Protein chains: 2
Amino acid sequence: MKIAEVSEKYGLSLDTLRYYERIGLIPTVTRTPNGIREYGEMDIKRVEFIKCMRSAGLPIEVLIDYVGLVQQGDATVEARKEILKEQRELLAGKIAELQKTLDLLDYKISVYENKLLTKEQGII
Amino acid sequence: MKIAEVSEKYGLSLDTLRYYERIGLIPTVTRTPNGIREYGEMDIKRVEFIKCMRSAGLPIEVLIDYVGLVQQGDATVEARKEILKEQRELLAGKIAELQKTLDLLDYKISVYENKLLTKEQGII
DNA sequence: CCTTGACTTGGAGCTAACTCCAGGTGTTAT
DNA sequence: ATAACACCTGGAGTTAGCTCCAAGTCAAGG
């Protein structure tokens, strides 16, 4: 799979895919004899994983650490698990926060919708 | 309420509070005769609202537009409602996305936890 | 053969949202 | 009265995460 197809499939720009490789977020993709990237099954899986994690806002640095540990093999399983657990907690907190904001938005929309707008409610 | 108290209460830095005012996200706070900011009840409410919205990632620009409309009075109620509705939908989508990532993290953690690690699962 | 188009690289540039700094003013405590 | 402290301003600097650019290579089509 060439870079354009991967880009298309996952909605990541060509530049982003190359950038991720450059900074070590995706391992060096194998090249055809003339230097063109040929994404293998593994590469694709990583792109998919990274895309998912990034879309939830996990920092690039954390992900670089994580994939670095994966590279190093089975000895790092505990450390990897710890990273994932920590990020899981952070993410759960974030979701709860977003949910609160969503609730507030819903409330404010309902106020506007029902024209319940009073001096007290309508300040902001 | 002085800026340091507001900062303390809402966990926004002094610089951030002044920055928000500078860019029009919070209206110009009234000053004591010697120029010190004195946050009134309204100002506090705005800080609280902005903090909540920003914590959910609503862009500053959108919020500037919104508070600008609030300044302009009742004629802008429809426009404000539209902004809130649009942001509400974006936020709901984001929450769904984060939830998917959370599920994936939980799955991966359970794989590590149960040592179900096989060649297929353990790639990343 | 020449052009078109997809790819390559290293490096510079960009955006959002702060964050820091220097230099200054006014209040409070010793 | 002098030091410490909390505040002020305008403007510069920082960070994360891309995004763009110039210059170059190669394969395929007319």
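Numbers restart at 1 for each chain; the letters A, B, ... are given by sequence-line order, proteins then strands. Only a predicted model underlies this, so the values are computations on that prediction, with no experimental measurement involved.
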### Letter per nucleotide, 5' to 3', of nucleotides 13-29 of chain D [B base touched, S only sugar-phosphate touched, - untouched; heavy atoms, 4.0 Å]
----BBBB-----SS--

### Task
Could you tell me the separation between the CD1 atom of Ile23(B) and the P atom of dT15(C), rounded to a whole number of Å?
16 Å

### Task
Give a yes/no on whether any side-chain N or O of Arg37(A) is located under 4.0 angstrom from OP1 or OP2 of dT9(C).
yes

### Summary
When rounded to whole Å, the CD1 to C1' distance for the pair Ile36(A) and dG5(C) reads 11 Å

### Query
With a 4.5 Å limit on heavy-atom distance, are the side chains of Tyr66(B) and Leu58(B) in contact?
no

### Query
Which distance, rounded to the nearest 0.5 Å, do you find between the CG of Asp106(B) and the CG of Leu84(A)?
10.0 Å

### Summary
Atom CE of Met1(A) and atom C1' of dA6(C) are separated, to the nearest Å, by 16 Å

#### Entry: Rounded distance in Å - OH (Tyr39(A)) to C1' (dT8(C))
12 Å

### Task
Could you tell me whether Gln71(B) atom CD has more than 12 heavy atoms of other residues or ligands within 6.0 Å of it?
yes

### Query
Please give, in whole Å, the distance from dG10(C) P to Glu21(A) CD?
11 Å

### Message
Just the rounded figure in Å: distance from P of dC7(C) to CD of Glu8(A).
### Response
11 Å

### Atom CD of Glu8(B): over 12 foreign heavy atoms under 6.0 Å
no

### Summary
Here the distance between atom P of dG26(C) and atom NZ of Lys2(B), to the nearest Å, is 15 Å

### Task
Ignoring hydrogens and angles, tell me if any N or O in the side chain of Thr76(A) forms a donor-acceptor pair with the backbone of Ala79(A) under 3.5 Å.
no

### Task
Using whole Å, report how far CG of Leu17(B) lies from P of dA6(D).
16 Å

### Query
Which angle, to the nearest 10 degrees, lies between the helix axes at the two ends of the helix from dC1(C)-dG30(D) to dT30(C)-dA1(D), each defined by five pairs?
10°

## Note on the structure
Hits for salt bridge (charged side-chain N to carboxylate O under 4.0 Å, His left out) against Arg31(A), two or more places apart or cross-chain, chain-then-number order -> Glu21(A)

### Task
Describe the nucleic acid contact of Ile3(B) in one word from base, sugar-phosphate, nothing, applying a heavy-atom distance below 4.0 Å.
sugar-phosphate

### Task
State the CZ-CG distance between Arg88(A) and Asp103(B), to the nearest 0.5 angstrom.
9.0 Å

### Task
Measure across Leu104(A) and Cys52(B) and return the closest heavy-atom pair with its distance rounded to 0.1 Å.
CD2-SG, 3.7 Å

### Under-4.0 Å salt bridge between Glu5(B) and Lys2(B)
no

